[in-house]
Amino acid sequence: MGGIGKTALAVEAAHQARARGWFPGGTLFVDLRGYDDDPVTADQAVLALLDALGVRDQDLPPTTERQYDAYRALLAERRDRMLLILDNASDPSQYVPLLPGTDHHRVLITSRDRPHALAVRLISLETLAADDSVALVTRALHDTDERDDRPASEPDALRELAELCGHLPLALQISVGMLRRRRHRDIASLVADIRDSGDTADALDRGSPGTDLYGRSLVLRPVLETSYRRLPADQARLLRLLCLAPGAETGTEAVAALADLDTELAVSLLEDLAATHLVTPVRGRNGTSSAVRWRVHDLVRVFGMGVAARDAGLQEEGEAARERVLGFYCRWAEAADDRLRWLPGMVEPERFADRGQALAWLDSERAGLVAAALWAREERYAGTAVTLALCLGEYLDWRRYFDDKITIGRAAQEAAHHAGDHYGEAAAWNNLGLALRKAGRVEEALDAHTRDLDLCRAADDRRNEAMAWNNLGIALEEAGRVEEAIDAHTRARDLHQAARDRHREAMAWNNLGIALRDAHRVEEAIDAHTRALNLFHAIEDRHREATARNNLGIALLEAGQVEAIDAFGKAFEILRQFEDWYGAGQTLQNLALAHEVADRSADARTHWLQAADAYTRANAPTEAAQARAWAAELPE
C-alpha cells in the first residue's frame, strides 16, 4: 500500500547490492509518478534513461520507436551488469516497454498494484512489526540528537504512537518529524493529540514537517486519496463499506452482506482490492474462499469512514450497509446460540448441524460480533444489537470471554433502558450478572441480578423471575450468604415446578444442592443433586447432567462415600465429549482430591496434571499453574 516504504527498500537494496559489487555497470533510477495526476509515460521515461546513458541532443534518435531501439541496444552491448529501478508504477504500460530485453541486467519495480498478467517475481510488503516500528522511531530520533532520551523514558507512549500510526513507515516518519519539531515535549503529548483528533492521517498531515531526504512531500492523506480515486466505482463502494464493518477483520459472508452482493462477486471485488493493497486477505484454516477474512489497514479504515461521512448520500449508503451486516450477524448468531442450547425434541436450528460447527463459526466471527453488539449504544441499531448481545451470552460463557460479555452486556442494558425495552433490559442485566460473577466481581453481580429480578417481578414475568432467583442465589452463595442463597434457589425451584418446566427445575435443584452443601447439610445436598441428575438425564441434557454428576460427587466425597470417584469419572467422560475443558479441569481436580483422600498419591498426581492440561486448553492459565503446583507437592 501507499506509504509502506517501497522506494526506501528498493533504494537501500540497490546501495547494498552496489557495495557488494553486483552491478559494476551502475544503477538507473526513474520515478514514474504513477499515482500523481500526470504520471510519467514509458515514452517520457526512455528519454530520461537515454540521457543517463549519454545519449542526448543531436545523438538522440528522432522517433520514439528508434529511441527504444537505441535504449535496448545500449543495454545489450553493456557487458557490466546494471540495475534499473522503475519506481512508483501504477500500470504495466509504464514499465513493460522499458524492460531491457535481456536477462543480463536486473530490474526492480515498485507499485501499489500487483501485475498478475506478467511473469515477474512479486514481493509483497506488510506493515512493520511492532518492535521494528519502535526501533525505526528510536533510531531516527537518535540520528538527529543522540541525547534524545524520550524513546527510552517513554516506552509505553512510543508503542502507542507506533500503534496509532498503524506501523506504516510513512506515518512513522511523519511522527518522527513532529517529535523533532516539538523536541521539548514528550511523546505522550503527541499520542494524546493524535488520539483526540480521532483521525491519525489528519493529525499527522497537519503537523507534517514538510519533505523527506528525497525532497518528497511527507503527507499521508493524499497517498490514500490517490489510491482510492483510481478505483472503479464498484471497488470504491466496497472499500468504503468495508471500512464501516465491525471488527479488524471481516469474513467473506459478512462482507457480502455488508455490500448486498452475492458471495462470488464480493470475492472477486475483494481480490481486486487486494491487488491494489488496500485490502489484505487473511486465509482461514480450511483454505476455502469463504474461510478467508479481509483486513483493512487502520489508516485506510479511518480514511474510508471519512469519505462516507463527508457525503450525505454515502452516509445513508453506509447506514444501510451496517443494518444489513447487523441482520446477518443476528441471524446466524441466533442459529448458533440455538444449537448450543439445543436438546433432543427441540426444533433443529438452521445451518449448524452440531455444536462444533456453531462454535467454529462463532470463534471465527467473534471480533465482528462483539463489535457489532456494541452498536447497541447507537439509537438506530439499539434493538437489533441488544438481540445480538443476548444471543452471544451462552457462547461467551462457554469460551470464558467474560470481559467481552461484560462489555456488550453493559451496552445492551443501557440501550434497552433508553428504549424502554423492559424485557431486553432484564435479560441484559441477567447476562451482565453472570459475566460479572464469573469474573470474580460478586458484589456487582448481586446488584445486576437484583435489578433483573425487580424488572421481572414488576412485569409479572414468572418464568424469568424464577431464572433471576436462580442466578441471584448463585451470586449470594459465592458472597457467603448461604441461607439467603438457599431461600433464592428454593423460590426458583418452586416457580419452575409450578410452571412444569423440568429443565429449569433441574437447574434449581442443582444449585440448591450446592448451597445446601455449603451450609453443611450434606445429605440434603446429595438428595438435591440426585434429583437434578435424574431430571437432566430424563430430558437428555447431557452437558448439565455432567455438571450434576460432578456436584453429586463433591457431596458424596464430603459424606465420605466411595461412590464419589464413579460420579466424577462419568462426569469427566461427558465433559470431554463436549470439549468443555474448564468443566473437565474442575472434575479432574475433584478426582485428584478424591484419590488423595483415598491415600492414592500417584493417581492423584496423574489427575492433577490432567486437570492442568484441561485448564490450559480452556484458556485458564492461573488454574493450570495451581493444578501443576499441587501435583508437584505429591510423591511420584
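Everything numeric in this text was worked out from a predicted model, so none of it was measured. In this chain, numbering begins with 1 at the start of the sequence shown.
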Donor-acceptor contact below 3.5 Å, side chain [X] vs main chain [Y]:
| X | Y | value |
| --- | --- | --- |
| Q357 | A353 | yes |
| N88 | D31 | no |
| T127 | L168 | no |
| E249 | R293 | no |
| Y582 | W398 | no |
| R180 | A140 | yes |
| K6 | I109 | no |
| H105 | P100 | no |

Query raised in the report: Does CG in D143 sit with more than 12 non-hydrogen atoms of other residues, nucleotides or ligands closer than 6.0 Å?
Result: yes
Is a side-chain donor-acceptor pair under 3.5 Å present for [Y] with [X]?
| X | Y | value |
| --- | --- | --- |
| Y35 | D113 | yes |
| T226 | R112 | yes |
| S93 | D91 | yes |
| Y228 | R240 | yes |
| D363 | Y395 | yes |
| R114 | S124 | yes |

Query - Parallel, tilted or perpendicular: ring planes of F328 versus W361, cut at 30 and 60 degrees - result: perpendicular
Just how far is it from atom [atom1] of [X] to atom [atom2] of [Y], taken to the nearest 0.5 Å?
| X | Y | atom1 | atom2 | result |
| --- | --- | --- | --- | --- |
| T200 | D193 | OG1 | CG | 11.5 Å |
| R324 | D260 | CZ | CG | 4.5 Å |
| L204 | C165 | CG | SG | 5.0 Å |

Electrostatic pair [X]:[Y] at N-O distance under 4.0 angstrom:
| X | Y | result |
| --- | --- | --- |
| R399 | D404 | no |
| E323 | R380 | yes |
| R351 | E253 | yes |

Taking all non-hydrogen atoms of both residues into account, name the closest pair between [X] and [Y] and its distance.
| X | Y | value |
| --- | --- | --- |
| S133 | H167 | OG-ND1, 2.8 Å |
| A45 | V30 | CB-CG1, 4.0 Å |
| P281 | V279 | CD-O, 3.9 Å |
| A439 | I406 | CB-CD1, 4.0 Å |
| L118 | P92 | CD1-CB, 4.0 Å |
| T252 | V292 | OG1-O, 3.0 Å |

Query - With sequence neighbours excluded, residues passing side chain to side chain contact (heavy atoms under 4.5 Å, CB included) with A411 - result: L374, R377
Query raised in the report: Passes salt bridge (Lys or Arg N to Asp or Glu O under 4.0 Å), R331 versus E350? Steps please.
Result: CA-CA 10 Å; R331 177 184 179 183; E350 60 177 330; 2.9 Å; yes
Report task. State, with a plain yes or no, whether a side-chain heavy atom of L179 is found less than 4.5 Å away from one of L161. Result -> yes
